[in-house]
Structures are given as C-alpha cells and as structure tokens.
*Asks:* 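If you scroll down you'll find the structure; I have some questions about it.
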Amino acid sequence: VQLQASGGGLVQAGGSLRLSCAASGGTFSGYAMGWFRQAPGKEREFVAVISGNGANTYYADSVKGRFTISRDNAKNTVYLQMNSLKPEDTAVYYCAASVLYSSNSRRYEYWGQGTQVTVSS
C-alpha cells in the first residue's frame, strides 16, 4: 500500500486546514487509517484513527472537538479536517494504514511521506 499525504501549509491560529491521504495498491477498506504527527524535537504522536468502514473513530484528547477524520472508500482517500488550529498543532502530519484499529503507531504497517502544518500565532 502506498500513501500520499497532502494539504499541509501555513495558517494563522484559529484557522482551518484539510489534509488528504490518497492510497493505492491495496484494498483500502480493509485498513484502518490513522493520522499521526511529529513536532520538532518530539516523539511522533497519535492524532486520530478511523475504521475500515468509517463507522468508528477515535481522537487524541488534544484534538478532540477540533479535528475530524473521515474517509471515502470509493476514492481510496482519508481526510483530516482541522479547525481552530493552535500553534501547538505545528508538526509534520503522517497518514498510516493498519489492519488493526489502533492508536499505537507500532501497529501501522504503511506510512505516507508526511505533510508540514505550521500554525502561526
């Protein structure tokens, strides 16, 4: 499975961005899809996950109520809508695929290349 993330950029605090992750080479609906992020000097952290059929989602406390993960299995794409962005959301955001519905990055077999999100104060 190959994953291609896009949609990052520079935005002011309080603004919004939508990240996309296009998948190819596998049965997309057979994978849970997660978003993770890594800020400079910090460990990679879980952001959100969505099950293969889109029925279940789970969020990190730090983004709950501000971010929404969704997927379109017909387009083999997962999205992360990010609203009310804060400077502490600045990071490289990665999409990943797993056969398990998990918030643990070690459970993910496939990773995208990352897209930079920068939130200015």
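Only this structure's heavy atoms are used, side chains among them; waters, hydrogens and symmetry mates stay out.
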*Asks:* Relative to each other, are the rings of Y31 and Y110 parallel, tilted or perpendicular (30° and 60° limits)?
*Replies:* perpendicular
*Asks:* Please round to the nearest 0.5 Å and tell me the distance separating atom CD of Q12 and atom OG of S121.
*Replies:* 9.5 Å
*Asks:* Identify the two heavy atoms, one from M33 and one from L3, that lie closest to each other, and give their separation to 0.1 Å.
*Replies:* CE-CD2, 3.9 Å
*Asks:* If you round to the nearest 0.5 Å, how far is OG of S24 from CD of Q2?
*Replies:* 4.5 Å
*Asks:* Take atom NZ of K42 as the centre, draw a 6.0 Å sphere, and report whether it contains more than 12 heavy atoms from other residues, nucleotides or ligands.
*Replies:*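 Open: at most 12 neighbouring heavy atoms sit under 6.0 Å from NZ of K42.
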*Asks:* Pick from Y101, F46, F67: which one makes a ring-ring contact (aromatic ring centres under 6.0 Å, His included) with Y58?
*Replies:*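 When ring-ring contact (aromatic ring centres under 6.0 Å, His included) is applied between Y58 and each of Y101, F46, F67, only F46 qualifies.
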*Asks:* Identify whether W35 and I50 are in the same connected component of the hydrophobic contact network (ILVMFWY, side-chain heavy atoms under 4.5 Å).
*Replies:* yes
*Asks:* Give a yes or no on this: more than 12 heavy atoms of other residues, nucleotides or ligands lie within 6.0 Å of atom CZ of R44.
*Replies:* yes
*Asks:* Using 4.0 Å as the upper bound for N to carboxylate O, is an ion pair formed by K86 and D89?
*Replies:* no
*Asks:* Ignoring hydrogens and angles, state whether a donor on the side chain of N83 or S16 is under 3.5 Å from an acceptor on the partner side chain.
*Replies:*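 A donor-acceptor contact under 3.5 Å links the two side chains.
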*Asks:* Q116 and T118: side-chain donor and acceptor closer than 3.5 Å?
*Replies:*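 Judged by distance alone, the side chains do pair up.
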*Asks:* Could you state the interatomic distance from OG1 (T115) to CZ (R37), rounded to the nearest 0.5 Å?
*Replies:* 14.0 Å
*Asks:* What's the separation between atom CD in Q4 and atom OG in S6, rounded to the nearest 0.5 Å?
*Replies:*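 Between Q4 CD and S6 OG, I get 7.0 Å after rounding to 0.5 Å.
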*Asks:* What closest approach, in Å, do Y108 and W111 show between heavy atoms, and which atom pair accounts for it?
*Replies:*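 Heavy-atom minimum between the residues: O-NE1, 3.3 Å.
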*Asks:* Can you name the nearest heavy-atom pair linking T77 to S20, along with the distance?
*Replies:* CG2-CB, 4.3 Å
*Asks:* Do the side chain of T90 and the main chain of V119 share a donor and acceptor less than 3.5 angstrom apart?
*Replies:* yes
*Asks:* Hey, could you give me the CZ/OG distance between R107 and S103, rounded to the nearest 0.5 Å?
*Replies:* 10.0 Å
*Asks:* Is the side chain of N73 donor-acceptor paired with the backbone N or O of G52 at a distance under 3.5 Å, no angle test?
*Replies:*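 Yes, the answer is positive, given that a donor and an acceptor are paired below the 3.5 Å cut-off.
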*Asks:* Is there a chain of hydrophobic side chains (I, L, V, M, F, W, Y, each step under 4.5 Å between heavy atoms) that links F28 to V49?
*Replies:* no
*Asks:* Following the transitive rule for hydrophobic clusters with a side-chain heavy-atom cut-off under 4.5 Å over Ile, Leu, Val, Met, Phe, Trp and Tyr, establish whether Y94 and Y59 coincide in one cluster.
*Replies:* no
*Asks:* Where is the tightest heavy-atom contact between V47 and Y93, given as atom of each residue plus distance?
*Replies:*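 Answer, listing the atom of V47 first, then Y93: CG2-CE2, 4.3 Å.
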*Asks:* In terms of hydrophobic clustering (I, L, V, M, F, W, Y; side-chain heavy atoms under 4.5 Å; direct or indirect links), are M82 and Y79 co-clustered?
*Replies:* no
*Asks:* Quick one: closest heavy-atom pair of G26 and V1, and the distance?
*Replies:* CA-CG2, 4.0 Å
*Asks:* Examine the side chains of S102 and N104 and answer whether a donor and an acceptor come within less than 3.5 Å of each other.
*Replies:*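 Looking only at side-chain atoms, N104 and S102 do not form any donor-acceptor pair under 3.5 Å.
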*Asks:* Measure across G114 and V92 and return the closest heavy-atom pair with its distance rounded to 0.1 Å.
*Replies:* CA-CG1, 3.8 Å
*Asks:* With rounding to the nearest 0.5 angstrom, report the CG to CZ distance, L80 to F36.
*Replies:*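 One finds 12.0 Å between CG of L80 and CZ of F36.
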